[in-house]
Amino acid sequence: MNSYIEDGMADPNTQKCQYCSGKMIYRGGGAYCCEACGEEYLTDFGKIKRYLEVNGPRTVLEIAKNTGVSRRAIGELINDGRIELRGEPGGSNFCISCGTSIRVGQYCRVCAKKFESGRRGRDNVISSLANELSKMRKE
């Protein structure tokens, strides 16, 4: 699990309202709302999403400064493909395979495609070996 809290599910702030102890209900997009008093709680993802909706595309530094979310958490959300940065001069993220500038994830489209086809090939080899092994055991 990444260091940021996945939609706040493990965050104690999302279980009970900090003001009235009412039950917090997930509303989507990283936002929780108290059933009793209506108080809203935003996870890191929710803070970033709301900030970008209001202010449009921004750099990682601007997002971190204006939302209070750490650059590391923002980077993890980008790598996981949960947020995408547009208009970043020169790109803020690079493919970990070839170094090409990318906007989202860890791999560019070309490397992701190569990686996926290689993985499928490896999985086919493993399943063939497993079938051969099971045949040998039956004999």
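- Of all non-hydrogen atoms in Y41 and M24, the two that sit nearest each other are CB-CE, 3.5 Å.
- Shortest non-hydrogen contact noted between C17 and C34 is CB-SG, 3.5 Å.
- For the atom pair CD1 (I83) and CD1 (I74), the distance works out to 6.0 Å, reported to the nearest 0.5 Å.
- Hydrophobic cluster membership differs between Y51 and L42, with clusters built from Ile, Leu, Val, Met, Phe, Trp and Tyr side chains linked at under 4.5 angstrom.
- Interatomic distance, OG1 of T43 versus CD1 of I48, reported as 8.5 Å (0.5 Å rounding).
- Within the 4.5 Å cutoff, the side chain of V69 has no heavy atoms near those of the I63 side chain.
- With rounding to the nearest 0.5 angstrom, the CZ atom of R72 is 12.0 Å from the CG atom of D44.
- Counting only heavy atoms from C-beta outward, the side chains of K49 and E53 approach each other to under 4.5 Å.
- Residues I78 and V60 are in side-chain contact: their nearest non-hydrogen atoms beyond the backbone lie under 4.5 Å apart.
- In this structure, the separation between SG on C108 and NZ on K114 is 7.5 Å, given to the nearest 0.5 Å.
- Between the side chain of S21 and the main chain of K16, no donor-acceptor pair closer than 3.5 Å is present.
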